[in-house]
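Worth saying up front: this structure is predicted, and the values here are computed from it rather than measured.
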Amino acid sequence: MHTLPRRFALLLALVASLVAFTALPAPSAQAAEVLLSQGKPATASSTEGPFVAQSVVDGDPGTRWSSAFADPQWIQIDLGASAGISRVALNWEAAYGKAFRIEVSSDAVSWTVVHQTTTATGGIQNLAVSGTGRYVRMYGTQRATQYGYSLWEFQVYGTAGTGNPGGDTGRLLSYGRPGAASSSQADSNCWECTPARAFDRDPASRWATSPTTGWTDPGWISVDLGATAQIDKVVLQWDPAYAKSFQIQVSPNGADWTPIYSTTSGTGFKQTLAVSGTGRYVRMYGTQRATPYGYSLWEFQVYGTGGDPIPAPPLPNDPANPPRLVWSDEFDGAAGGKPDASKWRADPGVGSNNELEYYTDHRNAALDGAGHLVMEARKETTAGSSCPPDPLSGSTTCQYTSARMNTGATFQFTYGRVEARVKVPKGNGLWPAFWMMGADFLTGRPWPYNGEVDIMEILGKDVKTAYSTVHAPAYNGGGGIGAPYTLPGNADFSDDYHTWAADWNSRGITYSLDGRTVFTLDKDQVEQTRGPWIFDHPHYMILNLAVGGDWPGPTDASTPFPAKMLVDYVRIYQ
């Protein structure tokens with residue numbers, strides 16, 4: 001990494017920055033406002049060399065934190081107890097954030113935005129904010145330079161002890177607690193969409209009102225916290241059937257209700273509501289639907305103190321920084337050898353998506369003796385099989401064979417850097433892919449409720465474009481969230497090997513091609529604009545070479561057979 005020339009060039013800017021920051025006046029702060037962040041624990045999404053997170057709270061304006069050279073990145077401070085936040089002061093190094101958010105949280109899991117910008121200019125920023133939380137973070141979504149994010153100081157001001165009673169952070173009180181509702185849906189469109197689904201911390205299951213009796217106003221769902229609690233936050237993750245007008249109410253007995261929040265302009269998607277109230281029961285009481293349908297929530301989470309909370313399963317840990325190699329296949333071995341059975345299992349059978357191939361039991365997958373896996377699509381008939389009509393012969397017996405394999409039975413994992421170096425084939429109707437599927441697909445949960453993460457897909461009819469996409473209940477198929485991208489100079493992907501990677505953690509997924517970021521998915525942004533994020537659980541990897549299908553289209557007389565997808569390696573870092 002060549003950073004010294006850049007550092008010398010910024011020396012004068014650094015000196016000026018130090019002088020300015022140490023003399024920074026507090027703009028119109030209340031008399032009770034104090035510096036809360038000094039010396040408190042700080043953590044970050046990544047660090048560059050010795051420039052660690054703790055440097056932003058050490059009171060020394062000559063030390064700094066710097067991140068990896070990628071988007072998004074974040075740094076957060078644990079204030080130790082809930083506090084009222086009134087101001088955040090940032091002293092940026094030249095590697096500053098052009099677009100970033102300031103967020104607060106009671107648990108470092110669910111975050112509330114208190115400031116955001118897409119036009120920041122760096123330097124010293126004094127931001128007046130209003131929020132309550134134990135954790136405060138800067139979440140950068142767009143760097144202003146080719147470097148990372150870097151801060152000399154990150155100061156949080158406010159008043160201590162103004163959060164939850166006792167100054168402690170709010171706890172998730174609603175997990176697994178009994179729920180009730182005005183009605184529930186139970187049909188082919190939403191089977192067993194009972195109140196319990198909103199309190200299971202599973203963002204792929206939901207509660208919905210009945211289509212026969214519940215697509216009316218009002219409609220409601222409530223939770224019994226088990227004992228009296230002080231409520232300070234409610235998080236709602238709405239299905240498209242959301243409430244335009246609703247109240248959050250509390251009750252000591254489930255019969256007499258007091259509103260602690262009310263709106264007539266609900267926005268749907270994810271709403272994080274700062275509230276204050278006391279009660280054993282909490283409910284969402286909808287008075288006006290935003291659509292012709294009913295009311296439906298993927299998640300209804302209540303935070304606070306007291307109650308009789310059931311401990312929720314621990315959330316998965318983010319990858320280490322720097323991550324370490326935990327799984328790999330370099331495909332070394334003699335020519336003609338089969339994929340390592342301790343790592344990959346064949347997935348034989350007819351493909352989905354109206355594909356035309358029959359996947360064999362590793363007959364179409366072999367090592368080449370030079371460190372590569374060869375996955376081969378062939379023009380050959382599989383007796384007794386059934387496929388959509390072949391465009392050349394008209395036969396409904398599968399006219400092609402190919403290879404599909406996965407790690408479902410051998411390796412499942414949550415989070416990490418998932419990387420493969422692949423050379424793809426060219427030809428109409430060919431569809432090579434490297435992707436992941438939620439492991440609960442193997443135990444019967446239907447797609448797309450398990451979550452699909454497509455790291456690389458290429459259509460043989462256009463080998464100058466690649467795609468990375470995610471699929472979930474609220475966004476799937478043609479509505480999946482993804483992006484196409486190309487090589488520099490609009491080069492052909494089939495001409496050489498290329499390295500695809502997905503950096504996956506609790507904050508989202510960053511896709512890269514040959515070390516260049518091509519697409520970033522921010523979990524918070526997806527939840528607030530598209531629907532629930534359902535990828536925080538074990539997945540497994542899949543490699544396959546499809547023939548035909550709805551998206552790539554059919555083969556034709558020009559499609560070359562056999563067609564070969566070559567894989568140099570697959571590696572997982574955590």
Side-chain angles (χ1 to χ4, degrees), residues 1-11 13-14 17 42-56 63-76 90-103 116-123 125 137-154 318-325 415-421 455-456 466 468 483 485-488 498-525 571-574:
M1 184 181 302
H2 302 290
T3 58
L4 283 178
R6 170 174 170 263
R7 303 306 185 206
F8 284 126
L10 298 173
L11 182 58
L14 162 60
S17 178
T43 55
S45 54
S46 64
T47 58
E48 180 198 1
F51 307 115
V52 298
Q54 203 62 32
S55 296
V56 301
T63 61
R64 64 185 173 88
W65 161 73
S66 287
S67 77
F69 298 176
D71 294 314
Q73 299 290 331
W74 55 266
I75 182 169
Q76 72 184 38
L90 303 175
N91 186 4
W92 292 100
E93 199 248 359
Y96 68 92
K98 179 180 179 182
F100 67 89
R101 304 192 296 263
I102 301 298
E103 302 173 324
Q116 61 182 342
T117 180
T118 58
T119 57
T121 56
Q125 293 185 273
R137 76 175 175 182
M138 185 290 298
Y139 191 92
T141 55
Q142 184 182 356
R143 294 163 290 143
T145 72
Q146 71 268 41
Y147 304 102
Y149 297 84
S150 186
L151 285 165
W152 298 105
E153 288 289 290
F154 179 2
D318 273 330
N321 184 28
R324 68 192 189 282
L325 184 68
Y415 301 156
R417 179 178 177 85
V418 188
E419 181 177 295
R421 187 169 183 262
I455 302 172
M456 178 277 289
S468 297
Y485 48 89
T486 60
L487 287 166
H498 295 280
T499 302
W500 281 269
D503 286 283
W504 168 38
N505 57 37
S506 63
R507 298 169 301 283
I509 300 172
T510 298
Y511 292 104
S512 62
L513 169 67
D514 296 332
R516 171 175 61 95
T517 298
V518 292
F519 183 54
T520 297
L521 284 164
D522 181 311
K523 174 182 176 178
D524 289 345
Q525 184 179 38
R571 298 170 184 164
I572 308 297
Y573 300 84
Q574 286 187 321

Residues 515-523 side chain polar contacts: donor-acceptor under 3.5 Å, at least two apart:
{"residue": "Arg516", "atom": "NH2", "partner": "Thr486", "partner atom": "O", "Å": "2.9"}
{"residue": "Thr520", "atom": "OG1", "partner": "Asp71", "partner atom": "O", "Å": "3.3"}
{"residue": "Asp522", "atom": "OD1", "partner": "Asp524", "partner atom": "N", "Å": "2.9"}
{"residue": "Asp522", "atom": "OD1", "partner": "Gln525", "partner atom": "N", "Å": "3.1"}
{"residue": "Asp522", "atom": "OD2", "partner": "Arg101", "partner atom": "NH2", "Å": "3.4"}
{"residue": "Asp522", "atom": "OD2", "partner": "Tyr139", "partner atom": "OH", "Å": "3.3"}
{"residue": "Lys523", "atom": "NZ", "partner": "Asp536", "partner atom": "OD2", "Å": "2.7"}

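- Under the rule for a ring-ring contact (aromatic ring centres under 6.0 Å, His included), the partners of Tyr415 that lie at least two apart in sequence or sit in another chain are Trp504.
- Checked against side chain to side chain donor-acceptor pair (under 3.5 Å), Ser506 has the following partners two or more places apart in sequence or in another chain: Asp318.
- The minimum heavy-atom distance linking Ala120 with Phe100 is given by the pair CB-CE2, 3.5 Å.
- Not counting sequence neighbours, the partners of Ala466 by the side chain to side chain contact (heavy atoms under 4.5 Å, CB included) test are Ile458, Tyr485, Phe493, Trp500.
- The CZ atom of Arg324 sits 7.0 Å away from the CD atom of Gln574 when rounded to the nearest 0.5 Å.
- Closest non-hydrogen pair, Ser150 versus Arg64, comes out as OG-NH1, 3.1 Å.
- Separating the CG atom in Leu90 from the CE atom in Met138 is a distance of 7.5 Å, to the nearest 0.5 Å.
- Scanning both residues, Gln54 and Ala42, for their nearest heavy atoms gives OE1-N, 3.0 Å.
- With sequence neighbours excluded, the residues that form a side chain to side chain donor-acceptor pair (under 3.5 Å) with Thr63 are Asp58.
- With sequence neighbours left out, Arg571 forms a salt bridge (charged side-chain N to carboxylate O under 4.0 Å, His left out) with Glu330.
- Here the OH-OH distance, from Tyr96 to Tyr147, works out to 14.0 Å after rounding to the nearest 0.5 Å.
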Check against side-chain contact (heavy atoms from CB on, under 4.5 Å), Leu151 and Glu93: CA-CA 5 Å; Leu151 285 165; Glu93 199 248 359; over 6 Å; no

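- Ser67 pairs by the side chain to side chain contact (heavy atoms under 4.5 Å, CB included) definition with Ser46, Trp65, Gln73, Tyr149, not counting sequence neighbours.
- Nearest heavy-atom pair, Ala502 versus Ile509, reported as atom, atom and distance to 0.1 Å: CB-CG2, 4.0 Å.
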Audit row: Met456, Tyr511, side-chain contact (heavy atoms from CB on, under 4.5 Å) steps and yes/no: CA-CA 9 Å; Met456 178 277 289; Tyr511 292 104; over 6 Å; no

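- Taking all atoms of both residues into account, the shortest heavy-atom contact from Gln146 to Phe69 is O-CB, 3.8 Å.
- Judged by distance alone, with hydrogens and angles left aside, the side-chain atoms of Thr117 form no donor-acceptor pair with the main-chain N or O of Ala99 at under 3.5 Å.
- Counting heavy atoms from C-beta outward, Gln116 and Ile102 have side chains that stay 4.5 Å or more apart.
- Applying the side chain to side chain donor-acceptor pair (under 3.5 Å) criterion to Arg417, with sequence neighbours excluded, gives Glu419, Asp503.
- If you take OG1 on Thr141 and NZ on Lys98, they are separated by 10.5 Å, rounding to the nearest 0.5 Å.
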